[in-house]
Novice: 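Okay, here's the structure, questions in a sec.
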Amino acid sequence: MKVDQPLQSIKLLNPAQPNKSTGIINGQSSGILNWNDISHPQMYELYQTLLGNFWKAQEINMQDDVKQWDRLSDTERDIFLRVNTQLASLDSLQTPTMTEVMHYVTDSSFKAILAVISQQEAVHNESYSYILSSLVPLSEQNKRFNEAKEDPIVQKRNQLILDAYQQFIDRPTPQHLFELAVNSINLEGIYFYSGFAFFYHLARQQKMLKTSTMISYIQRDEMQHAYFISQFIRILLSENKELNTEANIEYIYQTIGKAIELEKEWADHILKDIDGIELDEFHNYLEYLANKRFRQLGLDNYYPERDNPMAWIHVFSDEMMNETKSDFFEQKSRTYTKVSSSNGFDEL
Amino acid sequence: MKACIVYTSTTGNTEEVATAIYNQLVSHIDTDLMSIDNFEFSTINMYDYFIIGTYTWGNGQLPTEMKALYQRIETHANKHLRTAVFGTGDRFYPLFCGAVDRFRDMLYEKTDLAVTFKVELSPQQTDYNKVPIFVDRMLAVQVS
């Protein structure tokens, strides 16, 4: 395989080839998907987890947030709108990009997962619109989206990802697919976190909890997406030795490192006037986050090893999201009393 | 005296921790290390020490392949079986290593639970430093 040779957009149906694909790119694959006969069985579990996360914006009643909106400070309202439109802009890119990748991936199970991811990004995109429509008139929304497009810091950080995505669309080579995937981790696994920090910080103060509930659903989805993409990269590299080079490993370190620097810059910009978020601590948080992404990719930490410095940035519990979904087994296993080290064993 | 480590691993993180524990434990006691796929449930009672390793998916559930082991211990284990449970997960979920907690609560009631151990994604140096402590706690009854 030549890493700089464009991949062929594959035929819908190749009856002579097996259902179980021989590779995620350039594989022999009929195009027919039988989940019971796939090359990477763990993908079925991932697919089910993604579907289990299903939610839609309209299920969340924004009334409480509408009432609170006027009581936020001017700074809070300004940052809220800037973060919202900026996240919406990122998600707008992700839906079509995942569809683009789908055309060149030969494993049908990966195509199906990319379709679900693409759908979820569309839901995220809609949820930002839904939040905006509850809070400000269309003229203000348009003004904010225009500002997001023109903001030099936003442009600079988006450019890193845009370049990688666009070069794959222009010339869909295996190398470009690899670079797209690494930048997809930047988008889904790093660029959202200053925004998440802002919304969860409001939630810590019992402000705009409905918005944060949506953010929490979004984070839950994005965590699975970043996990999927990291698995995708690992499989892509292991199946294609020509891509598994020192230069490409270095590319991962450099590119995620660059995204972290850009995210720090963005965080300094939007969080500097927010009381209760220390910027130095948030920088450490971003490095902790990057280390997690490296380890998910099977690589070593790049930044110093440290504990999560902002443990409050996490997905809400099911109880908090009023979720009632659970299967019989899960209910049954709750019959045991919750125990801890005070009961005479050690927790490390 | 014999120990067994049974684990499940998708990305290899839990397997890394299992291997580290095995390497430490085997210098103290005869130990079997096996993936859940190869484990024969009827052999549980052959062991004096039983260690479970599991990753956690999504909202803190047990992985499907671990449910049968959970139920087997629930119905067949006894209070003399010395147990431990470890696992890998992601702190961004509200229930970090939720599957370890699920096993912990049941093992505490049904067996002699010695120690639990949680690792975020693949083990880092601070986690490797905890492995000898984990093994010491596990063997505490034997040593004293």
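Lettering follows sequence order; numbering is per chain, from 1.
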Novice: Could you give the distance from CZ (B:Arg137) to CG (A:Asp346), rounded to the nearest 0.5 Å?
Specialist: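 Taking CZ in B:Arg137 and CG in A:Asp346, the distance rounds to 4.5 Å.
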Novice: Among B:Ala84, B:Gly12, B:Ser122, which residue forms the greatest number of heavy-atom pairs with chain A at distances under 4.5 Å?
Specialist: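 Result: the option with the highest number of such pairs is B:Ser122.
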Novice: Should A:Gln219 and B:Phe92 count as side-chain neighbours, where that means a heavy-atom distance under 4.5 Å?
Specialist: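 Contact flag for A:Gln219/B:Phe92 side chains = yes.
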Novice: A:Tyr193 versus chain B, heavy atoms under 4.5 Å apart: side chain, backbone, both or neither?
Specialist: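 Looking at A:Tyr193, just its side chain touches chain B.
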Novice: Which region of B:Phe134, side chain (C-beta onward) or backbone (N, CA, C, O), has a non-hydrogen atom less than 4.5 Å from a non-hydrogen atom of chain A, or is it both or neither?
Specialist: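 Both backbone and side chain of B:Phe134 come within 4.5 Å of chain A.
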Novice: B:Gln124 versus chain A, heavy atoms under 4.5 Å apart: side chain, backbone, both or neither?
Specialist: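 Contact with chain A involves both backbone and side-chain atoms of B:Gln124.
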Novice: May I ask you to test the A:Phe345-B:Leu107 pair for a side-chain heavy-atom distance under 4.5 Å?
Specialist: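 No - every pair of side-chain heavy atoms lies 4.5 Å or more apart.
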Novice: Counting heavy-atom pairs closer than 4.5 Å to chain B, which one of A:Gln231, A:His314, A:Glu305, A:Gln224 comes out on top?
Specialist: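 Of the options given, most contacts go to A:Glu305.
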Novice: Any chance NZ of B:Lys2 has more than 12 other-residue heavy atoms, nucleotides or ligands included, within less than 6.0 Å?
Specialist: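 Enclosed.
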Novice: Counting a contact as any heavy-atom pair under 4.5 Å apart, which residues of residues 285-292 of chain A contact chain B?
Specialist: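 If one takes a 4.5 Å heavy-atom cut-off, the residues of residues 285-292 of chain A near chain B are A:Tyr285, A:Tyr288, A:Leu289, A:Lys292.
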Novice: Where the side chain of B:Asp105 meets the backbone of A:Val339, is there a donor-acceptor pair that is under 3.5 Å apart?
Specialist: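 Yes; judged by distance alone, with no hydrogens or angles, the pair exists.
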Novice: Does a side-chain heavy-atom distance below 4.5 Å link B:Glu74 with A:Tyr336?
Specialist: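 With C-beta onward as the side chain, the pair touches.
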Novice: Drop me the distance from A:Gln48's CD to B:Thr64's OG1, to the nearest 0.5 angstrom.
Specialist: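 If I round to the nearest 0.5 Å, the distance is 7.0 Å.
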Novice: Atom OG1 of B:Thr10 and atom CD of A:Glu45: how far apart are they, to the nearest 0.5 Å?
Specialist: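 Rounded to the nearest 0.5 Å, the OG1-CD separation comes to 5.5 Å.
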Novice: Taking side chain as everything from C-beta outward and backbone as N, CA, C, O, which of these in A:Asn343 sits under 4.5 Å from a heavy atom of chain B? Side chain, backbone, both or neither.
Specialist: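 Contact with chain B is through both the backbone and side chain of A:Asn343.
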Novice: Between A:Arg295 (side chain only) and B:Glu120 (backbone N and O only), is there a donor and an acceptor less than 3.5 Å apart?
Specialist: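 Answer holds: yes.
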Novice: More than 12 heavy atoms of other residues, nucleotides or ligands under 6.0 Å from CD of B:Glu65: is that the case?
Specialist: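 Result for CD/B:Glu65: enclosed.
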Novice: Assess whether a salt bridge exists between B:Arg104 and A:Glu347, defined as any Lys/Arg side-chain N lying under 4.0 Å from an Asp/Glu carboxylate O.
Specialist: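 A:Glu347 and B:Arg104: salt-bridged.
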Novice: Consider only side-chain N and O atoms of B:Glu109 and A:Thr337, and report whether a donor and an acceptor are under 3.5 Å apart.
Specialist: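 Judged by distance alone, the side chains do not pair up.
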Novice: What distance separates B:Thr11 OG1 from A:Arg234 CZ, expressed to the nearest 0.5 Å?
Specialist: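 Output value for this atom pair is 6.0 Å.
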Novice: To the nearest 0.5 Å, what is the distance between CG (A:Leu348) and CG (B:Asn129)?
Specialist: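 That separation rounds to 11.5 Å.
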Novice: Using non-hydrogen atoms and a limit below 4.5 Å, what part of residues 198-206 of chain A faces chain B?
Specialist: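 Within residues 198-206 of chain A, no residue comes under 4.5 Å from chain B.
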Novice: Can you tell which of B:Asp127, B:Thr126, B:Ile133 has the highest number of heavy-atom pairs within less than 4.5 Å of chain A?
Specialist: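 Looking at each option in turn, the highest pair count goes to B:Thr126.
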Novice: Can you tell me how far the NZ atom of A:Lys338 sits from the CG atom of B:Asp101, to the nearest 0.5 Å?
Specialist: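 Rounded to the nearest 0.5 Å, the NZ-CG separation comes out at 5.0 Å.
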